[in-house]
4 protein chains.
Amino acid sequence: MSQSVSTRDKLISAAVKVFSEKGFFNTKVSDIVKEAGVAQGTFYIYFRSKEEIFLRITELVEGLIDETIERYRRSKENIREVIYSFAEEVFYTLDRFKEVSYIFFFQLLCMQDELKEKYINIHRKFVQFYRELLSEYENNHILADMIVGFGEKLFKFDVLIEGREIKDVIDEFKSGIDIILRGIR
Amino acid sequence: MSQSVSTRDKLISAAVKVFSEKGFFNTKVSDIVKEAGVAQGTFYIYFRSKEEIFLRITELVEGLIDETIERYRRSKENIREVIYSFAEEVFYTLDRFKEVSYIFFFQLLCMQDELKEKYINIHRKFVQFYRELLSEYENNHILADMIVGFGEKLFKFDVLIEGREIKDVIDEFKSGIDIILRGIR
Amino acid sequence: MSQSVSTRDKLISAAVKVFSEKGFFNTKVSDIVKEAGVAQGTFYIYFRSKEEIFLRITELVEGLIDETIERYRRSKENIREVIYSFAEEVFYTLDRFKEVSYIFFFQLLCMQDELKEKYINIHRKFVQFYRELLSEYENNHILADMIVGFGEKLFKFDVLIEGREIKDVIDEFKSGIDIILRGIR
Amino acid sequence: MSQSVSTRDKLISAAVKVFSEKGFFNTKVSDIVKEAGVAQGTFYIYFRSKEEIFLRITELVEGLIDETIERYRRSKENIREVIYSFAEEVFYTLDRFKEVSYIFFFQLLCMQDELKEKYINIHRKFVQFYRELLSEYENNHILADMIVGFGEKLFKFDVLIEGREIKDVIDEFKSGIDIILRGIR
DNA sequence: TATGAATGAGACTTCATTCAT
DNA sequence: AATGAATGAAGTCTCATTCAT
């Protein structure tokens with residue numbers, strides 16, 4: 001049984017690698033099994049289809065982010081401090097699972113229906129989180145949009161594409177937050 | 001000849017429609033020709049492949065944005081005014097070609113090599129534009145990242161996904177710019 | 001267009017040949033297209049699946065028999081004469097399309113649902129036809145069952161399997177009818 | 001060892017059930033083992049292949065019929081009585097093993113070579129049996145064909161498909177025999 | 001130019017069978 | 001004997017592209 005878990009995991013890891021390199025549509029199931037070192041048929045013991053394994057992978061990121069947002073939602077500390085720690089945690093987490101995050105951020109939006117919706121939902125949750133957090137400020141909607149756009153840009157482009165150090169990016173994000181909040185009552 | 005131009009245009013329009021609805025990979029050449037009302041073989045008189053027509057379409061947005069950025073690069077007016085007009089023009093232009101923009105913003109990042117690079121280049125140009133524009137400010141890099149992330153978020157999610165009115169979005173963007181620049185020297 | 005009809009017909013003929021030789025389940029689409037001398041993909045221009053072309057073929061026999069039964073149903077001649085001509089016509093028709101008949105009689109009963117039902121329906125129609133025809137006789141139900149069983153046996157085994165001459169078989173059938181009807185009121 | 005016999009029997013019973021429900025070709029070995037409640041690999045301890053277990057099952061019917069025919073072949077009673085008892089026994093036997101009979105009558109004819117031959121041989125044996133039995137009658141060949149066709153029709157359609165009571169069917173068969181023999185010298 | 005039938009490479013998926021435990 | 005994960009051959013079907021008309 002631990003054998004079978006291990007095969008499933010080999011497939012997931014292989015799929016993460018291949019999907020993040022070639023994208024969902026350019027990936028063949030044969031690429032995944034080759035990478036995993038198992039036979040073609042083995043794939044279908046664990047996953048009904050290429051779509052399903054992809055779904056499972058995106059759910060990993062979804063789960064990580066969801067959980068983090070929920071945890072910080074109840075936080076009662078100083079707002080800036082909350083944003084700092086929250087962002088730090090999210091950035092670090094996504095960075096630790098870079099390839100999976102890559103798939104989530106780059107492969108979902110070009111898909112249809114529920115898959116694309118997955119991305120949109122996470123996006124909305126981020127926005128909602130900041131709106132609530134900043135609810136006592138004027139223009140909290142605008143602030144939330146700015147922060148989310150800023151953060152997303154930093155992770156997607158600076159980290160995932162340009163390969164910037166996550167520490168530097170987090171520092172920049174914090175500085176940005178300071179700038180945004182500085183002029184605010 | 002005007003006849004043939006018209007067929008090519010029919011194909012481009014049809015492709016824009018179908019690509020924006022189903023995405024590049026889920027679109028069949030047969031979908032495009034059906035939508036265009038021409039025969040399957042006709043497609044290949046005008047385009048070498050499905051990739052090529054897709055490329056041509058993305059170049060439309062690329063061109064529009066490129067041109068606008070170049071034009072504003074030499075602008076010598078008051079910085080805030082430049083940002084205002086520039087953003088207004090970019091937002092309105094993209095909004096006018098919503099479907100093409102949709103393809104550009106949602107279909108490119110999941111692709112490989114040059115196609116993905118197209119998106120990245122435009123992104124970099126935006127960042128570079130704002131860096132230069134704000135070069136006399138402290139933290140101009142951070143400001144540029146914030147503005148670009150904010151703007152991109154607004155267009156992709158609020159306009160293209162949520163269907164918000166472009167006028168409202170532009171207003172929000174301007175307010176955001178004010179907030180960002182308020183506390184800055 | 002006559003070209004395309006011809007390709008469809010080539011496929012039908014090839015499928016009839018191969019199905020009757022190897023049976024439905026042992027037939028691959030690749031066998032059919034090889035026999036028809038067309039490319040694999042061509043098959044799917046004309047038929048959605050192996051099931052569909054099979055269905056079309058069985059409908060040919062179904063149609064032939066249906067039509068003949070309906071035509072004789074209204075016949076007002078002497079009963080024995082009606083049976084004679086009806087049987088003659090059915091036997092000759094099925095014999096002329098031996099391979100298709102073979103498929104109908106040997107491939108349908110091992111299938112599921114509607115396909116098997118096709119065979120059963122035809123069987124029922126034969127029985128019903130003879131019941132009505134013999135309605136003025138005592139035991140017409142039994143007579144109908146005997147005649148249908150007898151006829152079916154003759155065609156399936158003596159003609160299709162043993163390869164007996166259709167003329168001889170028809171003669172035997174008529175003699176059988178005489179025997180059955182001889183002792184009857 | 002009694003343990004292992006039991007596993008083999010479980011497999012046979014399961015296979016009979018599944019084959020009669022879905023047909024040979026639509027049955028997967030995994031269906032059989034699931035029904036039998038044993039592991040996939042266990043199947044191959046007892047049977048070399050899916051074909052083999054199928055063969056074993058058809059041999060059951062074959063054996064039953066063979067044995068009955070042989071037993072009645074030496075019978076010296078009154079012909080009508082022989083036919084009556086013989087038919088009664090065959091009908092009851094097949095009815096008792098309905099599912100196996102179902103497989104025999106509906107699954108063999110669509111197969112190739114020896115399997116199909118099995119059905120044909122039994123058919124021929126029936127015909128031969130009646131020919132011999134009726135050898136002193138004129139037209140004994142025709143009578144034999146009629147009786148066999150009639151009986152086969154009754155069992156396959158009326159019993160196996162329409163679900164008629166075996167007792168009623170046997171009565172009808174006997175009446176039919178009376179009709180057939182009535183007019184005969 | 002325009003057509004649309006034909007092509008065939010290549011992807012997905014199934015499932016009978018094997019084999020290490 | 002029993003297990004069930006793993007195998008991989010084989011089959012179905014899709015679809016971008018070609019080509020004769």
Side-chain angles (χ1 to χ4, degrees), chain A residues 1-8 10-11 25-33 36-51, chain B residues 1 3-8 25-34 36-53, chain C residues 1-8 10-11 25-33 36-51, chain D residues 1 3-8 25-34 36-53:
Chain A
M1 201 213 79
S2 90
Q3 195 55 20
S4 86
V5 169
S6 151
T7 298
R8 189 179 187 282
K10 269 193 275 179
L11 282 167
F25 292 104
N26 291 316
T27 294
K28 294 169 264 172
V29 172
S30 67
D31 296 329
I32 298 174
V33 298
V38 302
Q40 189 87 357
T42 305
F43 180 89
Y44 293 90
I45 296 174
Y46 296 96
F47 305 97
R48 228 187 309 283
S49 64
K50 195 174 79 157
E51 275 72 21
Chain B
M1 197 213 82
Q3 194 53 19
S4 83
V5 169
S6 153
T7 298
R8 188 179 189 282
F25 292 104
N26 291 317
T27 293
K28 296 176 252 175
V29 172
S30 66
D31 295 329
I32 299 174
V33 298
K34 203 179 301 162
V38 302
Q40 190 91 352
T42 305
F43 181 90
Y44 290 88
I45 296 172
Y46 297 94
F47 303 98
R48 223 190 312 282
S49 65
K50 194 175 88 157
E51 274 72 19
E52 192 188 309
I53 194 172
Chain C
M1 199 211 81
S2 90
Q3 195 55 18
S4 85
V5 169
S6 152
T7 297
R8 188 178 188 282
K10 269 192 276 177
L11 283 165
F25 291 105
N26 292 315
T27 294
K28 294 168 263 170
V29 172
S30 65
D31 296 329
I32 299 173
V33 298
V38 302
Q40 188 88 358
T42 305
F43 180 89
Y44 293 91
I45 295 174
Y46 297 95
F47 305 97
R48 229 188 307 285
S49 65
K50 193 174 80 155
E51 275 72 20
Chain D
M1 198 213 82
Q3 194 55 18
S4 84
V5 170
S6 152
T7 298
R8 188 178 188 283
F25 292 105
N26 292 316
T27 293
K28 295 174 253 175
V29 173
S30 66
D31 295 329
I32 299 174
V33 298
K34 204 180 298 163
V38 303
Q40 190 89 355
T42 306
F43 181 90
Y44 290 89
I45 296 172
Y46 297 95
F47 303 98
R48 223 191 313 282
S49 65
K50 193 173 88 157
E51 274 73 19
E52 192 188 308
I53 195 172

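In this text, all values refer to a predicted model and were calculated from it rather than measured experimentally. Each chain gets a letter, A, B and so on, in the order the sequences are listed, and its residues count up from 1.
Per the geometry, CG belonging to A:Asn26 stands 15 Å off P belonging to E:dG10, to the nearest Å. Rounded to whole Å, the distance from OH on A:Tyr46 to P on F:dG4 is 13 Å. Here F:dT14 presents its P atom at 15 Å from CZ of C:Phe47, a figure rounded to the nearest Å. Atom-to-atom, CD1 of A:Ile32 to C1' of E:dC12 comes out at 12 Å; the value is rounded to the nearest Å. To the nearest angstrom, P of F:dA6 lies 13 Å from CZ of A:Arg8.
In this structure the side chain of A:Phe43 never reaches within 4.5 angstrom of the side chain of A:Val38, judged on heavy atoms. The shortest distance between side-chain heavy atoms of D:Val29 and D:Tyr44 falls below 4.5 Å. Between B:Val33 and B:Thr42, every side-chain heavy-atom pair lies at or beyond the 4.5 Å cut-off.
Across every non-hydrogen atom of C:Arg8 and C:Tyr46, the tightest pair is CB-CD2, 3.8 Å.
For DNA chain E, runs of at least 3 consecutive pairs of the Watson-Crick or G-U wobble type, with both hydrogen-bonding distances under 3.5 angstrom, map to E:2-21 with F:2-21.
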Please enumerate all protein N or O atoms sitting under 3.5 Å from an N or O of nucleotides 15-19 of chain E, with distances to 0.1 Å.
unit_1, atom_1, unit_2, atom_2, d
E:dC15, OP2, D:Lys28, NZ, 3.2
E:dA16, OP2, D:Val29, N, 2.8
E:dT17, OP2, D:Tyr44, OH, 3.1
E:dT17, OP2, D:Lys50, N, 3.3
E:dT17, O4, D:Gln40, NE2, 3.4

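Under 4.0 angstrom from either OP1 or OP2 of E:dA5 there lies no side-chain N or O belonging to C:Thr7.
Under the rule for a side chain to side chain contact (heavy atoms under 4.5 Å, CB included), the partners of B:Glu51 that lie at least two apart in sequence or sit in another chain are B:Phe24, B:Ser49.
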